[in-house]
Amino acid sequence: MSSTPRTKTFVLVHGAWHSGRVWDRVTPLLTRSGHRVLAPSLTGHGERAHLLGPDVGLDTHAADITALLHDGNLTDTVLVGHSYAGMVISAVAHQVPERVGALVFVDAMVPADGESVLDVLPMTQQLLDLAAGTDTPWRIPPLPEGAGATGLFGVTDPADVAWLRTMLSDESARCFEQPVRLDNPAAAAIPRVHVECVGAEPEPERAAARHRAVPTTQPNGSPSQVWELRSGHDCMVTVPDQLAALLLKAAESMSARGGASC
């Protein structure tokens with residue numbers, strides 16, 4: 001006898017410079033399948049951009065999501081982090097492992113205990129160096145649009161680029177400098193999935209050039225689940241249907257295994 005898939009709560013966490021609106025094309029695809037979706041803007045972004053200051057850091061953003069889970073009494077949550085938010089969801093998983101059912105890293109940073117964004121992505125130092133010579137050295141503006149397939153965070157369609165620009169804002173340098181604390185052994189039991197954006201065609205060297213490769217094993221010792229997505233970095237903008245399908249797959253896998261592993 002088949003069983004009805006359990007309803008999940010997805011918490012979608014945006015990356016650096018973005019806002020919660022970046023998930024607008026993914027959210028209805030998940031809710032249509034009966035799931036609850038929350039896509040907050042982190043402190044200093046979106047409708048909270050006025051709160052950006054030099055003291056806003058990784059700990060601030062981890063506290064944003066931890067408070068969301070507590071205030072909503074959320075458990076068994078599918079916590080999704082894009083890019084920089086891989087740092088955020090890693091921190092949250094160690095702070096409140098009892099509220100997290102699975103972690104999904106979407107083209108995201110995967111830190112070790114005590115590492116910062118600068119450790120995971122050393123090229124970030126160039127952005128800090130550029131800001132150091134300005135009147136506001138703690139403000140890091142969004143990356144500029146690149147040529148060709150690089151686009152704006154991998155988005156190349158002019159209409160999509162224009163829409164994406166409406167939600168970009170500066171980041172605090174402290175977000176890149178502050179180390180993450182991953183010292184709760186209970187977090188090792190949380191299943192995790194890695195979605196790696198490989199461009200229009202598979203490019204094995206691309207991920208290694210961008211940030212450290214995904215670990216081959218999960219903290220609990222089981223093999224890492226790595227799914228490739230033919231897309232630029234901001235896959236929630238360019239291929240929302242394909243990304244949503246992978247997020248649903250992650251939730252279904254978690255339900256099938258009782259939340260024990262993916």
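When reading the values below, keep in mind they use all heavy atoms of this one structure, side chains included, and skip hydrogens, waters and symmetry mates. Counting begins at 1 with the first residue of the sequence.
- At a cut-off of 3.5 Å, with distance as the only test, a side-chain donor of His233 or Ser83 sits close to an acceptor on the other residue.
- Linking ILVMFWY side-chain heavy atoms closer than 4.5 Å, directly or via other members, places Leu121 and Leu118 in a single hydrophobic cluster.
- Using a 4.0 Å cut-off between a side-chain N of Lys or Arg and a carboxylate O of Asp or Glu, Arg165 and Asp160 do not qualify as a salt bridge.
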**side-chain hydrogen bond (donor to acceptor under 3.5 Å, both in side chains) assessment of Ser41 paired with Glu47** = CA-CA 7 Å; Ser41 290; Glu47 68 279 9; 3.1 Å; yes
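- Contact check for Val106 versus Val80: side-chain heavy atoms found under the 4.5 Å cut-off.
- For an aromatic pair to be called close, the ring centres must be under 6.0 Å apart, and Tyr84 with His18 fails this.
- In this structure the side chain of Glu228 never reaches within 4.5 angstrom of the side chain of Val195, judged on heavy atoms.
- At least one side-chain heavy atom of His45 sits less than 4.5 Å from a side-chain heavy atom of Glu171.
- Between Gln95 and Thr66, the side chains place a donor N or O and an acceptor N or O closer than 3.5 Å (distance only, hydrogens not considered).
- When Val22, Leu152, Leu143 are each tested for a side chain to side chain contact (heavy atoms under 4.5 Å, CB included) with Leu168, only one passes: Leu152.
- Two residues are said to be in side-chain contact when any heavy atoms from C-beta on lie closer than 4.5 Å; Glu196 and Trp227 fail this criterion.
- With Leu182 as the partner, the side chain to side chain contact (heavy atoms under 4.5 Å, CB included) test is satisfied by one option alone out of Glu115, Met87, His94: His94.
- The heavy-atom pair separating Asp170 from Leu52 by the smallest distance is O-CD2, 3.4 Å.
- Looking at heavy atoms from C-beta onward, Val239 lies out of side-chain contact with Arg230 at the 4.5 angstrom threshold.
- The distance from atom OG1 of Thr77 to atom CG of Leu38, rounded to the nearest 0.5 Å, is 8.5 Å.
- Taking every heavy atom of both residues into account, Asp119 and Gly114 meet most closely at OD2-O, 4.1 Å.
- Between His82 and Trp23, some side-chain heavy-atom pair lies under the 4.5 Å cut-off.
- For Arg181 and Asp113, the salt-bridge test fails: no basic side-chain N is under 4.0 Å from an acidic carboxylate O.
- Checked against salt bridge (Lys or Arg N to Asp or Glu O under 4.0 Å), Asp157 has no partners two or more places apart in sequence or in another chain.
- Side chains of Thr166 and Arg21: a donor on one and an acceptor on the other come within 3.5 Å.
- Under a 4.0 Å N-O distance rule, the pair Arg25/Asp241 does not qualify as a salt bridge.
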**Request:** Give the C-alpha distance, both sets of side-chain angles, the deciding distance and a yes or no for side-chain hydrogen bond (donor to acceptor under 3.5 Å, both in side chains) between Gln178 and Asp59.
**Result:** CA-CA 8 Å; Gln178 196 165 41; Asp59 283 354; 3.2 Å; yes
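- Met123 and Leu130 fall into different hydrophobic clusters, where Ile, Leu, Val, Met, Phe, Trp and Tyr are joined by side-chain heavy atoms under 4.5 Å apart, directly or via other members.
- The shortest side-chain heavy-atom distance between Ile140 and Leu128 falls under the 4.5 Å cut-off.
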